[in-house]
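For reference, the structure is listed below as structure tokens.
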Amino acid sequence: MIRAASLLLAASMLGGCISLLPKPPPPPRTYVLEARSLDPLQGAPLDAVIAVAQPAGERTILGADLIWRTGDTIAYVDQSQWSNRAADALQQILVETIVNQRRFRAATRSGEARADYEIRWEVLDFEVREEDMTAHFRADVRLVAPGRQIVASRIVDTTAPVSARSSSMAADALARAAREGSARIGEFAVEAVQTAQENAASTERH
């Protein structure tokens, strides 16, 4: 009887231990970072193929996590992530944006096909800032011709307001800032290539 009671007590204690184990955390909310349709840019198409390199930058802002910055402190938005690494997603957004702008003969990721020009860029900021509740996208962009000659460079800086302190609002604002930044990079590339082609044609005439 004592042995049976002991076994029953041990079983109940074991069962209690199992039930007191913490539940696994819920899976992170996953957000898509992708291009959206936009109106083509005005002007005749340029006879050039442009390649887009994968952006350089700090691993913290180019990984799968959403970044929230307070002063000099960077934190990850809890239980939230991109469906792809930001570096890969931003590269694809820029390629699709340039294609949709319809000013180049073609646009591709670097290494997939021969190109006349290449966009090389470094993402300096891609984060939500607590101080102004705004998503910031900032990139140092260079247009490079064959032979690694820099044709033109520009800092592109865009923002989008974050309407509430939630992961979905943060993700939406970051995506909007990135898409606007990509559109401006595409416009910059058009201006730079057009100027380069006009200068080359003028040199040939003389």
Side-chain angles (χ1 to χ4, degrees), residues 27-38 50-101 107-112 117-144 150 152-192:
R29 304 183 79 179
T30 301
Y31 299 99
V32 177
L33 184 59
E34 60 185 3
R36 296 281 176 87
S37 60
L38 72 166
I50 191 162
V52 176
Q54 189 174 78
E58 296 182 9
R59 288 180 295 176
T60 52
I61 64 176
L62 292 179
D65 296 295
L66 282 67
I67 304 300
W68 191 286
R69 180 169 179 170
T70 304
D72 293 329
T73 303
I74 291 177
Y76 301 129
V77 177
D78 190 38
Q79 292 296 313
S80 303
Q81 65 180 29
W82 298 115
S83 60
N84 197 359
R85 291 177 60 250
D88 297 326
L90 291 172
Q91 182 187 28
Q92 185 60 31
I93 287 176
L94 184 51
V95 171
E96 291 185 28
T97 296
I98 293 174
V99 169
N100 290 334
Q101 288 175 333
T108 182
R109 288 189 293 264
S110 294
E112 291 185 342
Y117 299 92
E118 183 182 36
I119 292 175
R120 297 184 184 179
W121 50 320
E122 180 180 1
V123 176
L124 305 175
D125 292 314
F126 187 48
E127 63 201 13
V128 174
R129 295 185 186 172
E130 175 81 21
E131 61 192 29
D132 58 4
M133 288 296 289
T134 301
H136 291 256
F137 172 86
R138 187 166 180 261
D140 180 6
V141 186
R142 296 169 297 280
L143 183 73
V144 181
I150 296 179
S153 63
R154 181 174 297 176
I155 298 291
V156 172
D157 197 342
T158 60
T159 61
V162 180
S163 57
R165 292 178 59 88
S166 73
S167 61
S168 61
M169 294 295 100
D172 177 71
L174 286 166
R176 284 186 283 118
R179 287 193 289 264
E180 176 63 23
S182 294
R184 294 189 188 182
I185 292 172
E187 294 167 3
F188 155 72
V190 169
E191 295 170 5

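The analysis underlying the following values was restricted to heavy atoms, covering all of them including side chains, and did not include hydrogens, waters or symmetry mates. This chain uses plain numbering: 1 for the first residue, then up along the sequence.
Atom CG of Asp157 is separated from atom CG of Leu124 by 9.0 Å, given to the nearest 0.5 angstrom. Distance CD1/Ile155 to CZ/Phe188: 10.0 Å, rounded to 0.5 Å. Annotation: the span from Ile67 atom CD1 to Arg129 atom CZ amounts to 13.0 Å, rounded to 0.5 Å. In this structure, OG1 in Thr97 is found 9.0 Å from CD1 in Ile185, a value given to the nearest 0.5 Å. If you take CG on Asn84 and CG on Leu33, they are separated by 8.5 Å, rounding to the nearest 0.5 Å. The OG atom of Ser182 lies 11.0 Å from the CG atom of Asn100; values are rounded to the nearest 0.5 Å.
Around atom CD1 of Ile74, more than 12 heavy atoms belonging to other residues, nucleotides or ligands sit under 6.0 Å away. In the displayed structure, Glu122 atom CD is contacted under 6.0 Å by more than 12 heavy atoms of other residues, nucleotides or ligands.
Of the candidates Gln54, Glu34, Arg109, Arg109 is the only one forming a side-chain hydrogen bond (donor to acceptor under 3.5 Å, both in side chains) with Gln92.
In this structure Gln81 satisfies the side chain to side chain donor-acceptor pair (under 3.5 Å) test with no other residue, sequence neighbours excluded. Tyr31 meets the side chain to side chain donor-acceptor pair (under 3.5 Å) test with Ser167; sequence neighbours excluded.
Residues Asp125 and Ile61 fail the side-chain proximity criterion, which asks for heavy atoms closer than 4.5 Å. Within the 4.5 Å cutoff, the side chain of Leu174 has heavy atoms near those of the Phe126 side chain.
Side-chain atoms of Arg138 do not come within 3.5 Å of backbone N or O of Asp140 as any donor-acceptor pair. When atom types are taken as modelled, the side chain of Trp121 and the backbone of Ala53 share a donor-acceptor pair closer than 3.5 angstrom. Judged by distance alone, the side chain of Ser166 and the main-chain N or O of Met169 form a donor-acceptor pair under 3.5 Å.
Taking every heavy atom of both residues into account, Leu143 and Ala189 meet most closely at CD2-O, 4.3 Å. Pairing each heavy atom of Ala35 with each of Ile93, the nearest pair is N-CG1, 3.5 Å. Heavy-atom minimum distance, Ala107 versus Ile98: CB-CG2, 3.7 Å.
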Residues 130-137 side chain polar contacts: donor-acceptor under 3.5 Å, at least two apart:
from	atom 1	to	atom 2	distance (Å)
Glu130	OE1	Trp68	NE1	2.7
Glu130	OE1	Arg165	NH1	2.6
Glu130	OE2	Arg165	NH1	2.8
Asp132	OD1	Thr134	N	3.3
Asp132	OD2	His136	NE2	3.0
Thr134	OG1	Asp132	O	2.9

**Request:** Decide yes or no on salt bridge (Lys or Arg N to Asp or Glu O under 4.0 Å) for Glu180 and Arg176, but give the supporting numbers first.
**Result:** CA-CA 6 Å; Glu180 176 63 23; Arg176 284 186 283 118; over 6 Å; no
